[in-house]
Amino acid sequence: RLFSEMSLRDLEFAEGIPGASGATETMMFSEGTMPTDELDQYMNMSMSVAPEEADLGDAAAGGDDPEIEEAAGDLSSIGLTPLPPAEQSPARAPVDDRDDDMIQQQIFYSQEKHVFILSSAGKPIFTLHGSEDKLASIMGVMQSLVSFIQMEKDQLRSFCAGQYKFVFQVKEHILLVMVAKTGESEAQMAMQLGYIYSQIISVLTQAQLSRIFSHHTNFDLRRLLTGTEKFINSLITLMDTNPSFFLTAVRCLPMAAQARQAVSAALHSCRSKELVFGLLLNDDQLITLLRPKRFSLHPADIHLIFNLVMGSASFRNGESWTPLCLPKFNNSGFLYAHVSFVDEACTACLLLLSTNKDAFFELSECRKKIIQQLSFNGSLDQISGAISAPRYTTEEIGIPEIRHFLYKSKSTAQFTSPVLPALYAPNTPMYARLFRHYQFVHHRMHSQARALKVYLHTMEDEVLLGWCTAGFELYAVFGPLVTKENAFRCVLSLIKWIKAEESRLFVTTSQVF
């Protein structure tokens, strides 16, 4: 049904199609056009593909192919055990189940956002809603569209069909598609697809992924990703609620500068020779970071670490050891993460990263020394106090005219924001609306067509102000009656307050070795 609205009159290419002047929807390409008669013939052909003729079982399972067994053996050596081939699914649901199938279809088509992941051969890998096997025909059409455009030496980026926007991202061996009617821009949806791809790479590494598909192009990647779907789901949920992703910044736990320095010093003094990175965090907030002098962590990699810790409750049960690839740091190899929570009274999570897969016991001993040092110098109480303390409000700052704001420090790639007021309580339609407004203003500020330094957006219920300089980005929300002069007076006062509190709001200095 998502493709039912796509007809020739709904498609308009970047350079135009003869005879399609009445079209209202757009399809964006990097360059070039396509003849109308060829597209019409191809669309009619692709829509009539019969998925029942495709055999997803034999090629996906890999059979007794020695190349697949070798590739799977390589993954087993790093702790990823391939699952046995899935049993063949029934050909067709019984007649009594058709009503249930219809209900499921209605639920599926009522969703505002869909994510589809498939291999370059058209094999389903992941879908946000529904079953991959039942959606194999839709994914096949998506892969056919991309392949047809590639035959014309062009690249399919996005198009609109009715109220839906389709965004495609073609990676090596993998195609990612996002379909949404949320009003997000193409760039923001493409950014989210990039994060989802990085999540897959964090489990397999780019080198392993390339090796798997070079051995067998029809390999069913679901065999190796079984059990990790929850991390993709949680990542998609975070990207729809957490501004750190479109800001490309990390939120820090507000903490007194002297107390944070004592925590950092404890990590540095107790570090092991096998330690590469050390992070102390609380949910999606960074407390401190220990790193080598020559290297640093990209915010996107830290977001994947947050998602890993928040996406699995098993980490709270003891000390865990897991391989983790950080694509921005090195997409071809694993780091090995020792994950543990400090203690029952303190919900902070200590994550120690090493390049040595046999360093568990050494990092476990390092963890004990760090916690002993934090307890000895009183830092554990400081951390617990900072975690339990409520976030600041705009009333405490003395600027009640500002309902909410996001402030990003470009030099540190970190951001801060006050607690949400009752009007925009989390997990409510009003917060979802506010989040989309932030995304809209951010897109206007960073538009490739015309980037803006200052942008004031007036609506019926709110006024949004965006301000971008070489040192910071600021997005603020006001009531509908605020004047432009008053809005700028308020943000100037806000910036002065943030500069005065900078050492408490951000990790301004990290320990290096």
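All residue numbers refer to positions in the sequence shown, counting from 1. Just so you know, these numbers come straight off a predicted model, no measurement behind them.
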Please step through side-chain hydrogen bond (donor to acceptor under 3.5 Å, both in side chains) for the pair Thr508 and Ser503, ending with a clear verdict.
-> CA-CA 6 Å; Thr508 54; Ser503 61; over 6 Å; no
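- The CD atom of Gln258 sits 15.0 Å away from the CZ atom of Arg504 when rounded to the nearest 0.5 Å.
- Judged purely by distance below 3.5 Å, without hydrogens or angles, the side chains of Ser234 and Thr237 never pair a donor atom with an acceptor atom.
- Side chains of Tyr475 and Glu473: a donor on one and an acceptor on the other come within 3.5 Å.
- Panel note: side chain Thr205, backbone Gly333; no donor-acceptor pair is recorded below 3.5 Å.
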_With side-chain hydrogen bond (donor to acceptor under 3.5 Å, both in side chains) as the criterion, how do Ser320 and Thr322 come out once you've worked through the C-alpha distance, each side chain's angles and the decisive distance to 0.1 Å?_
CA-CA 7 Å; Ser320 302; Thr322 181; over 6 Å; no
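- Taking the six-membered ring for Trp and the full ring otherwise, the centers of Trp467 and Phe472 sit less than 6.0 Å from each other.
- Using bins of under 30°, 30° to 60° and over 60° for the plane-to-plane angle, the ring pair Phe168/Phe166 lands in the parallel bin.
- Under the rule for a ring pair (Phe, Tyr, Trp, His ring centres under 6.0 Å), the partners of Phe440 that lie at least two apart in sequence or sit in another chain are His457.
- Between His114 and Phe108, a ring centre-to-centre spacing shorter than 6.0 Å is recorded.
- Taking Gln382 as the reference, Met255, Ala259 meet the side-chain contact (heavy atoms from CB on, under 4.5 Å) condition, with sequence neighbours excluded.
- Atoms OG and CD1, from Ser272 and Ile370 in turn, are 9.5 Å apart once rounded to the nearest 0.5 Å.
- Side-chain atoms of Ile287 and Val507, non-hydrogen and from C-beta on, never get closer than 4.5 Å to each other.
- Inter-residue side-chain proximity for Asn486 and Thr483 is flagged as met; some heavy-atom pair is nearer than 4.5 Å.
- Taking the centre of each ring, Tyr392 and Trp497 come in below the 6.0 Å mark.
- Taking both residues in full, the closest heavy atoms of Val441 and Tyr455 are given as CG1-CD2, 3.9 Å, listed atom of the first, atom of the second, then distance.
- You'll find the side chain of Asn307 reaches within 4.5 Å of the side chain of Phe231, heavy atoms only.
- Salt-bridge formation is detected for the pair Asp240/Arg436: a Lys NZ or Arg NE/NH1/NH2 atom is positioned less than 4.0 Å from an Asp or Glu carboxylate oxygen.
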| query | Given the rule in the side-chain hydrogen bond (donor to acceptor under 3.5 Å, both in side chains) test, do Glu186 and Ser158 qualify, once you have shown the distances and angles that lead to the verdict? | reply | CA-CA 7 Å; Glu186 176 195 339; Ser158 69; 3.3 Å; yes
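- Val167 is not listed as a side-chain neighbour of Val177, based on a closest heavy-atom distance of 4.5 Å or more.
- For the pair Lys171 and Tyr197, the distance from NZ or CZ to the six-membered ring centre is under 6.0 Å and the angle to the ring normal is within 45 degrees.
- In this structure, CE in Met139 is found 6.0 Å from CD in Glu132, a value given to the nearest 0.5 Å.
- Side-chain contact between Leu267 and Thr288 is present, with heavy atoms from C-beta onward closer than 4.5 Å.
- If you look at Tyr431 and Tyr424, their ring centroids are not closer than 6.0 Å.
- Leu286 places none of its side-chain heavy atoms less than 4.5 Å from the side chain of Leu253.
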Item to complete: Let me see the working for Arg433 and Glu462 under salt bridge (charged side-chain N to carboxylate O under 4.0 Å, His left out), right down to the final yes or no.
Response: CA-CA 11 Å; Arg433 181 171 171 272; Glu462 293 109 351; 2.8 Å; yes
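- In this structure, Leu326 CG and Ile302 CD1 are separated by 9.5 Å, a value rounded to the nearest 0.5 Å.
- Around atom NZ of Lys181, more than 12 heavy atoms belonging to other residues, nucleotides or ligands sit under 6.0 Å away.
- Once rounded to the nearest 0.5 Å, the distance linking CD1 of Ile232 with CG of Leu128 reads 10.0 Å.
- With sequence neighbours left out, Ser340 forms a side-chain contact (heavy atoms from CB on, under 4.5 Å) with Glu319, His338, Leu350, Arg367.
- A side-chain contact (heavy atoms from CB on, under 4.5 Å) with Phe126 is found for exactly one of Ile174, Leu176, Asn233, namely Asn233.
- Note: Phe295 and Phe277 fail the aromatic proximity criterion, with ring centroids not under 6.0 Å apart.
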- Decide side chain to side chain contact (heavy atoms under 4.5 Å, CB included) for Lys496 and Lys499; before the verdict, give the C-alpha distance in whole Å, the side-chain angles of both, and the deciding distance to 0.1 Å. CA-CA 5 Å; Lys496 290 180 181 178; Lys499 293 297 183 182; 5.9 Å; no
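- In this structure, Lys410 contributes its side chain and Thr469 its backbone to a donor-acceptor pair below 3.5 Å.
- Salt bridge status for Lys165 with Glu184: absent, with no side-chain N to carboxylate O gap under 4.0 Å.
- Counting only heavy atoms from C-beta outward, the side chains of Pro292 and Val512 never approach each other to under 4.5 Å.
- Taking the ring axis of Phe513 as reference, the NZ or CZ atom of Arg271 stays within 45° of it and closer than 6.0 Å to the ring centre.
- Between Phe360 and Trp321, the angle of the ring planes goes over 60°, which puts this pair in the perpendicular group of the 30/60° scheme.
- Pairing each heavy atom of Ala348 with each of Asn282, the nearest pair is N-OD1, 4.4 Å.
- Contact check for Pro124 versus Leu118: no side-chain heavy atoms found under the 4.5 Å cut-off.
- Residues Val454 and Phe488 share a closest heavy-atom pair of CG1-CZ, 3.4 Å.
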- Hey, mind stepping through Asn377 and Ser379 against side-chain hydrogen bond (donor to acceptor under 3.5 Å, both in side chains) and telling me if it holds? CA-CA 6 Å; Asn377 62 18; Ser379 294; 2.7 Å; yes
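- Checked options Phe435, Tyr195, Phe415, Tyr438; the residue passing with Phe246 is Phe435 (criterion: ring-ring contact (aromatic ring centres under 6.0 Å, His included)).
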- With side chain to side chain contact (heavy atoms under 4.5 Å, CB included) as the test, would you mind laying out the steps for Leu494 and Tyr407 before giving the verdict? CA-CA 10 Å; Leu494 174 61; Tyr407 177 93; 6.0 Å; no
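- In this structure, Arg291 and Ser296 approach most closely via the heavy-atom pair CD-CA, 4.0 Å.
- The distance from atom NZ of Lys408 to atom CG of Leu406, rounded to the nearest 0.5 Å, is 11.5 Å.
- Closest approach of His404 and Pro421 over heavy atoms only: CD2-CD, 4.3 Å.
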| request: Output, in order, the C-alpha distance, side-chain angles, deciding distance and verdict of side chain to side chain contact (heavy atoms under 4.5 Å, CB included) for Leu324 and Ile305. | output: CA-CA 9 Å; Leu324 175 65; Ile305 292 174; 4.0 Å; yes
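- Taking both residues in full, the closest heavy atoms of Ile212 and Leu221 are given as CD1-CD1, 4.4 Å, listed atom of the first, atom of the second, then distance.
- Salt-bridge annotation for Glu401 and Arg489: present, with a side-chain N of the basic residue lying under 4.0 Å from a carboxylate O of the acidic one.
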request  = For the pair Val170 and Leu156, evaluate side chain to side chain contact (heavy atoms under 4.5 Å, CB included) and give the outcome as yes or no after the intermediate values.
outcome  = CA-CA 9 Å; Val170 181; Leu156 178 59; over 6 Å; no
